[in-house]
Amino acid sequence: MLPFEQDKRVSSVGTTNAELPLADPGMYQLDITLKSGHNLAARDRRGTSDPYVKFKIGGKEVFRSKTIHKNLNPVWEERTSIFVEQLREQLYIKVFDYDFGLQDDFMGSAFFDLSSLEQNRPIDVTLSLKDPHYPDDDLGTILLSVLLTPKEQPREATMLMRKSWKRSSKFQTQSLRLSDLHRKSQLWRGIVSVTLIEGRELKAMDPNGLSDPYVKFRLGHQKYKSKIVPKTLNPQWREQFDFHLYEEHGGIIDITVWDKDAGKKDDFIGRCQVDLSTLSKEQTHKLELPLEEGEGFLVLLVTLTASATVSISDLSVNALEDQKEQEEMLRRYSLVRMFHNMKDVGFLQVKVIRAEGLMAADVTGKNDPFCVVELNNDRLLTHTVYKNLNPEWNKIFTFNIKDIHTVLEVTVYDEDRDRSADFLGKVAIPLLSIQNGEQKAYVLKNKQLTGPTKGVIYLEIDVIFNAVKASLRTLTPKEQKYIEEENRISKQLLLRNFIRMKRCVMALINAAYYVNSCFDWDSPPRSLAAFLVVEDMLEDEEEEDDRDDKDSEKKGFMNKLYAIQEVCVSVQNILDEVASFGERIKNTFNWTVPFLSWLAIVAFSGFTVILYFIPLRYIVLVWGINKFTKKLRSPYAIDNNEVLDFLSRVPSDVQVVQYQELKQDPTHSPSRRKKNNPG
């Protein structure tokens with residue numbers, strides 16, 4: 001399931017305008033606490049399972065629990081709130097056994113009739129799990145606590161429904177899903193910044209008495225994974241992750257610690273939780289959390305801050321068309337305020353106007369398209385336009401820019417009541433390539449952004465940013481994206497990365513031939529210049545690569561399968577990283593992104609001027625003092641390398657292709673159409 005789909009599905013209001021009654025439509029909030037499971041079915045070889053639970057209503061998944069590892073009597077104690085319109089729908093519960101890299105095993109299912117619930121009265125429910133193919137098998141039970149409460153819709157949304165129903169002849173296919181209720185479900189109320197500092201006295205999971213620990217974080221659908229620190233029980237991570245906070249009363253961050261194992265499933269070390277409702281806002285909290293179901297502690301820094309400026313509005317509400325608003329925005333990001341709030345780099349406004357000629361995904365030859373606008377981890381949705389291949393949304397989305405090198409992604413989906421949304425097309429637009437105030441028709445691409453699919457989408461985008469803040473932000477670590485899916489083996493991707501790697505190696509070989517020709521005096525001026533450069537070199541760097549002998553013990557078939565899969569994925573990722581590194585260096589000097597190339601020139605020029613006035617030994621001395629005292633001055637500072645952070649913003653050759661704008665069909669040119677009027 002896509003990470004945004006849960007919010008969209010559970011907060012829908014109505015179906016189509018043609019179905020709306022004159023009376024206020026009913027809406028209920030279903031609060032479900034998934035408590036525990038008892039005597040669940042064993043699906044693993046060791047006579048145990050790794051169970052997790054899914055909830056579905058009306059054929060759509062609305063909740064997925066965390067995975068409890070190696071336990072047939074798991075305790076979840078997870079709570080979720082679901083908005084439902086019709087109580088005749090049944091709650092469908094399915095339990096699965098998680099298998100890394102393989103298809104998860106079915107452990108049983110059960111149905112619960114919502115119409116049997118009494119309003120405002122919590123009840124405990126015990127459901128027996130069954131397999132439809134083997135109805136006589138006892139697969140255990142699931143314990144839930146359920147509370148049903150009626151919800152009144154905002155008056156504005158109700159009036160909008162009535163007005164739209166009366167005018168259904170004109171707006172029959174227009175959706176009403178962008179009600180106040182929907183807006184609250186997808187606009188976050190704050191940012192939770194979590195800095196993972198270190199672990200202490202973790203449990204040893206390997207035969208050598210050590211572990212290779214890493215940490216997973218989860219808040220709702222938002223998930224992060226830390227780096228792996230090898231062979232230690234006291235790892236130092238120094239990584240930062242940002243979560244969106246959607247609920248006023250906070251939420252619970254679920255944290256699990258794992259030991260990385262090559263060739264088999266990773267070992268579970270322990271878990272802990274952070275209850276955000278107990279933390280005060282606008283303040284950094286240092287937390288030392290003991291690990292449950294294991295040993296040791298995690299040290300975190302957690303900060304809750306107010307939400308950045310994000311909004312959804314109609315085209316008639318355009319902040320940049322107001323002269324005073326525009327002047328205020330320009331003043332906010334002017335150079336005179338370059339050192340005010342360094343995290344606020346700029347402002348982005350996206351007008352999602354319409355799409356044309358979309359691919360028909362339904363059997364009726366029509367679609368129910370909606371649009372998702374993403375800026376790194378910030379995701380906002382349009383309403384759904386029903387039964388239409390040429391939808392008009394006419395919505396404005398605004399975002400705060402934290403990194404000017406972020407890529408804006410706009411994806412079109414077809415809403416499907418019986419299953420997850422169908423992909424229709426996508427575009428990726430680097431913020432630095434945007435031309436302000438220009439309405440453009442972007443050709444939709446496939447999921448991999450490598451080729452076109454059917455249809456175009458009309459967007460108008462404006463970007464305002466502070467160049468100094470953007471330049472300084474380039475030298476800090478790049479924000480990570482949510483973990484959405486595990487890396488999988490792809491023969492095509494492996495071959496592509498191998499070819500990219502081969503190009504980089506050939507470039508290095510050609511460079512080596514060029515350097516060698518300098519010493520052969522094929523060109524006396526070039527050789528003389530090379531001689532002078534070599535004479536001034538002061539130091540060489542050597543690298544050692546220590547490798548441990550691999551364990552040669554025999555492994556079972558499944559362990560070998562895991563090992564082969566992990567090796568292939570590792571090789572695939574290493575080839576990608578090495579090839580991308582070489583391509584990014586090349587693209588820095590061939591002006592693929594002029595902003596970054598100019599920034600590199602300014603940095604080199606500044607360093608040259610400094611070297612002219614200050615001897616190199618003093619610069620090295622100051623650098624060394626700063627490096628060695630950094631931990632004393634800022635014990636919880638996040639380690640980073642400015643050069644690598646800079647290169648991470650330069651696109652690789654694959655990304656250049658993905659971000660390249662495709663030529664559109666002349667029949668879809670904006671000059672051939674009358675300018676859109678939202679009124």
Stepwise side-chain contact (heavy atoms from CB on, under 4.5 Å) check, L34 with L144: CA-CA 5 Å; L34 173 62; L144 308 175; 3.5 Å; yes
Does the side chain of L40 reach to within under 4.5 Å of the side chain of S49, using non-hydrogen atoms? no
Would you check if there is a donor-acceptor pair between the side chains of T149 and N120 at a distance under 3.5 Å? no
How long is the span from the NZ atom in K260 to the CG atom in D212, to the nearest 0.5 Å? 9.5 Å
Qualifying residue for side chain to side chain contact (heavy atoms under 4.5 Å, CB included) with I255, from L298, V194, L291: L298
Closest contact, heavy atoms only, P369 versus V412: CB-CG1, 4.2 Å
For the pair S65 (side chain) and Y52 (backbone), establish whether a donor and an acceptor sit closer than 3.5 Å, ignoring hydrogens and angles. no
Applying side-chain contact (heavy atoms from CB on, under 4.5 Å) to L444 and M359, what does each step give before you reach the verdict? CA-CA 10 Å; L444 294 173; M359 174 177 57; over 6 Å; no
Evaluation steps, side-chain contact (heavy atoms from CB on, under 4.5 Å), between S36 and N73: CA-CA 7 Å; S36 60; N73 296 282; over 6 Å; no
Main-chain N/O of Y386 paired to K366 side chain as donor or acceptor, under 3.5 Å: no
Give the intermediate values and the outcome of side-chain contact (heavy atoms from CB on, under 4.5 Å) for residues Y224 and I253. CA-CA 11 Å; Y224 285 112; I253 301 179; over 6 Å; no
Please report the closest heavy-atom contact between V95 and P51, naming both atoms and the distance. CG1-CB, 4.3 Å
S145 versus R79: any side-chain heavy-atom pair under 4.5 Å? no
Count the heavy atoms belonging to other residues, nucleotides or ligands that lie under 6.0 Å from NZ of K454, then report whether that count exceeds 12. no
Distance check, rounded to the nearest 0.5 Å: I82 atom CD1 versus I57 atom CD1? 4.5 Å
Quick one, H244 and I191 - any side-chain contact, counting heavy atoms below 4.5 Å? yes
Holding to salt bridge (Lys or Arg N to Asp or Glu O under 4.0 Å), I want the full list of residues that pass it with E78, two or more places apart in sequence or in another chain. none
Let me confirm one number: the CG-CG distance from D138 to D131, rounded to the nearest 0.5 Å. 12.0 Å
Quick one: CG on L289 to CZ on R200, what's the gap to the nearest 0.5 Å? 11.0 Å
Side chains of L127 and T141, heavy atoms from C-beta outward: is any pair under 4.5 Å? no
Partners of M205 by side chain to side chain contact (heavy atoms under 4.5 Å, CB included), sequence neighbours excluded? K203, S211, D259, D267, I269
L117 side chain reached by I123 side chain, heavy atoms, under 4.5 Å: yes
Look at the aromatic rings of W258 and F268 and report parallel, tilted or perpendicular, splitting at 30° and 60°. perpendicular
Ring geometry between F217 and F241 (parallel below 30°, tilted from 30 to 60°, perpendicular above 60°): tilted
Answer yes or no: does atom CD of E77 have more than 12 heavy-atom neighbours from other residues, nucleotides or ligands under 6.0 Å? yes
Note, L139 side chain near M107 side chain (heavy atom, < 4.5 Å): no
What pair of heavy atoms forms the shortest contact from D261 to D266, and how long is it? N-OD1, 3.1 Å
Side-chain heavy atoms of K70 within contact of D50, under 4.5 Å: yes
Side chains of L91 and I32 in contact at under 4.5 Å (non-hydrogen atoms): yes
So which atom in T411 and which in E374 form the shortest heavy-atom distance, rounded to 0.1 Å? OG1-OE2, 4.0 Å
Under 6.0 Å between ring centres, would you say that holds for F63 and F55? yes
Return the CG to OG1 distance between L143 and T126, rounded to the nearest 0.5 Å. 4.5 Å
Considering non-hydrogen atoms only, spot the tightest contact between C272 and P290 and give its length. CB-O, 3.7 Å
Donor-acceptor pair, side chain of E239 and main chain of K227, under 3.5 angstrom: yes
Rounded to the nearest 0.5 Å, what separates atom CD in E293 from atom CG in N71? 7.5 Å
Atom of K130, atom of D137 and distance for their closest heavy-atom approach: NZ-O, 3.6 Å
